[in-house]
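For reference, the structure is listed below as structure tokens.
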Amino acid sequence: MPIELQFAIGGLVAGAFGALLGLGGGILLVPLLTLGFGLPLPAAVGTSLVCVIATSTGGAAVNVSAGRADVRLGIGLAAGTVIGAFTGAIVAGFLPERLLAGLFAVLLAYTTVAMLRGLRRRGADAADEAVDPTVPDGPDAPAYRGVRLPWALGGSFLAGNVSGLLGIGGGAVTVPLVHLVMQAPMRVAVTTSNYIIGITGAAGAYAYLFRGDIDPRQAAPVVLGVVAGAAIGARFGSRIRSTWLVILFAVVLAYVAVEMAQRALGLG
Amino acid sequence: MRTDRPEQLGRTIALVLRLGTLGAVIGLAAGFGLGLLGGEPGPGPTPLVTAIVDGGPDALMAAGLLILTLTPPAALAAAGIVLYRAGERRRAVVAGLVVFLLAASLGVAALIGQSI
């Protein structure tokens with residue numbers, strides 16, 4: 001099978017599982033492209049950022065037009081993520097690959113733990129989702145927009161930095177930031193984060209694109225696969241919400257974290 | 001500070017995002033398809049502008065990638081215009097600032113290219 005088709009299938013699987021599990025594609029794609037396809041880490045991170053934009057624009061178009069994402073809040077926080085993402089992408093060009101692999105291993109370990117802990121919170125999230133998901137505006141504008149704004153901007157810089165450095169969307173930072181720090185409803189936090197990560201991904205992707213890290217022949221099939229996979233995952237996501245799937249995937253992520261750590265230590 | 005037609009903001013952003021994604025996917029798919037038919041190995045990682053100037057399937061894919069990365073800033077610029085027209089000047093300025101930051105990122109990346 002041509003390698004381009006293998007890239008497309010890899011993207012399809014990562015996009016589908018990302019949508020099914022509520023993860024950004026980056027956390028799955030970067031290890032797949034580096035450990036599975038042997039791409040250098042900067043190439044994998046750059047390609048992943050382009051995929052992050054693709055999944056964000058597709059999902060955000062739906063959420064924004066339905067009024068589920070708080071666009072005004074998102075635009076404000078994007079100021080922090082954009083500066084953070086570009087800075088992270090520039091810094092990534094100077095860091096040794098083993099250090100980046102080590103940072104990614106830590107991120108994978110964190111995501112694994114967060115996924116398993118999230119199993120316990122499902123009841124609370126379900127109750128939150130039962131609330132009217134649309135964001136009011138005008139005189140009824142939500143009060144959380146101004147809550148702890150300096151903290152939120154600082155946190156969004158961090159989210160952008162992690163995104164530009166490691167090729168993920170940064171939702172792992174922005175969702176808790178909007179939900180826990182700014183006290184917005186969980187659903188608003190998730191949809192607003194989805195809108196922001198496309199803007200963040202663009203800021204990071206420019207550095208990788210113009211540095212020549214991204215090969216169009218590798219990136220194009222991966223992006224197309226991720227877009228198709230995300231659509232499939234979103235379609236079946238409401239039907240497949242099994243606990244075992246989350247546990248299975250947490251095991252896979254933990255294994256990948258060990259592989260990445262071995263690479264960072266020069267053992268892989 | 002009130003948008004007369006609040007839903008217009010969401011509709012405008014969604015339209016730009018959908019058009020951008022569609023344009024990017026068309027470019028990527030056309031380039032990918034032509035590349036598969038051609039069967040020649042690609043030149044490997046190439047700076048974006050070089051790939052576009054060189055032509056062929058790689059140019060289509062590189063253009064698709066560029067369109068994709070320009071879609072969020074384009075939607076943001078459109079949002080800024082809607083907010084400005086609706087009298088939400090402060091939020092329009094914030095949107096303009098983020099667009100400026102993205103343009104600066106693009107400009108710096110394009111200028112220093114392979115040296116970063």
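Computed from a predicted model, the values in this text were never measured in an experiment. Order of the sequence lines fixes the chain letters, A, B, ..., with proteins taken first and strands second; residue numbering starts at 1 for each chain. Heavy-atom basis, side chains included; hydrogens, waters and symmetry copies ignored.
If you measure heavy-atom distances from A/Val223 to chain B, the contacts under 4.5 Å come from the side chain alone. Contacts between A/Ala205 and chain B at a heavy-atom distance below 4.5 Å involve the side chain alone, from C-beta outward. With a 4.5 Å cut-off on non-hydrogen atoms, A/Ile199 touches chain B through its backbone and its side chain both.
Annotation: maximal heavy-atom pairing with chain B below 4.5 Å, among A/Gly58, A/Ala85, A/Ala202, A/Gly204, occurs at A/Ala202. Counting heavy-atom pairs closer than 4.5 Å to chain A, the top-ranked of the candidates B/Leu60, B/Leu97, B/Leu76 is B/Leu76. The most heavy-atom pairs under 4.5 Å with chain A, out of B/Val94, B/Leu106, B/Leu28, come from B/Leu106. Interface remark: of the candidates B/Ala62, B/Ala110, B/Gly20, B/Ala110 forms the most heavy-atom pairs closer than 4.5 Å to chain A. With respect to chain B, the highest number of heavy-atom pairs below 4.5 Å among A/Asn63, A/Ile3, A/Val50, A/Leu224 belongs to A/Leu224. Your options are B/Pro72, B/Ser105, B/Pro57, and the one with the most heavy-atom pairs under 4.5 Å with chain A is B/Ser105.
Scanning both residues, A/Ala61 and B/Ala14, for their nearest heavy atoms gives O-CB, 3.3 Å. Looking at every heavy atom in both residues, B/Phe32 comes nearest to A/Leu5 through CZ-CD2, 4.1 Å. For B/Leu17 against A/Ala60, the heavy-atom pair with the smallest separation is CD1-CB, 3.8 Å. Of all non-hydrogen atoms in B/Ala79 and A/Ile75, the two that sit nearest each other are CB-CD1, 4.2 Å. Counting all heavy atoms, side chain and backbone alike, B/Met61 lies closest to A/Ala220 at SD-CB, 3.3 Å. Taking every heavy atom of both residues into account, A/Ala78 and B/Val98 meet most closely at CB-CG1, 4.0 Å.
Atom CG of B/Leu101 is separated from atom OG1 of A/Thr81 by 9.5 Å, given to the nearest 0.5 angstrom. Atom CG of A/Leu49 is separated from atom CG of B/Leu68 by 11.0 Å, given to the nearest 0.5 angstrom. With rounding to the nearest 0.5 Å, the separation of CG in B/Leu83 from CZ in A/Arg72 is 5.5 Å. Within the model, atoms CD1 of A/Ile53 and CG of B/Leu70 stand 9.0 Å from one another, a figure rounded to the nearest 0.5 Å. Remark: A/Glu4 CD to B/Leu36 CG distance equals 5.5 Å, nearest 0.5 Å.
The shortest side-chain heavy-atom distance between A/Ser65 and B/Arg18 falls under the 4.5 Å cut-off. Using a 4.5 Å heavy-atom cutoff, the side chains of B/Thr69 and A/Tyr208 are not in contact. Side-chain atoms of A/Phe210 and B/Val108, non-hydrogen and from C-beta on, never get closer than 4.5 Å to each other. Within the 4.5 Å cutoff, no side-chain heavy atoms of A/Val64 are placed close to those of B/Arg11.
Residue A/Phe37 places its CZ atom among more than 12 non-hydrogen atoms of other residues, nucleotides or ligands, all under 6.0 Å distant.
With hydrogens and angles left out, the side-chain atoms of A/Thr57 and B/Thr71 include no donor and acceptor closer than 3.5 Å.
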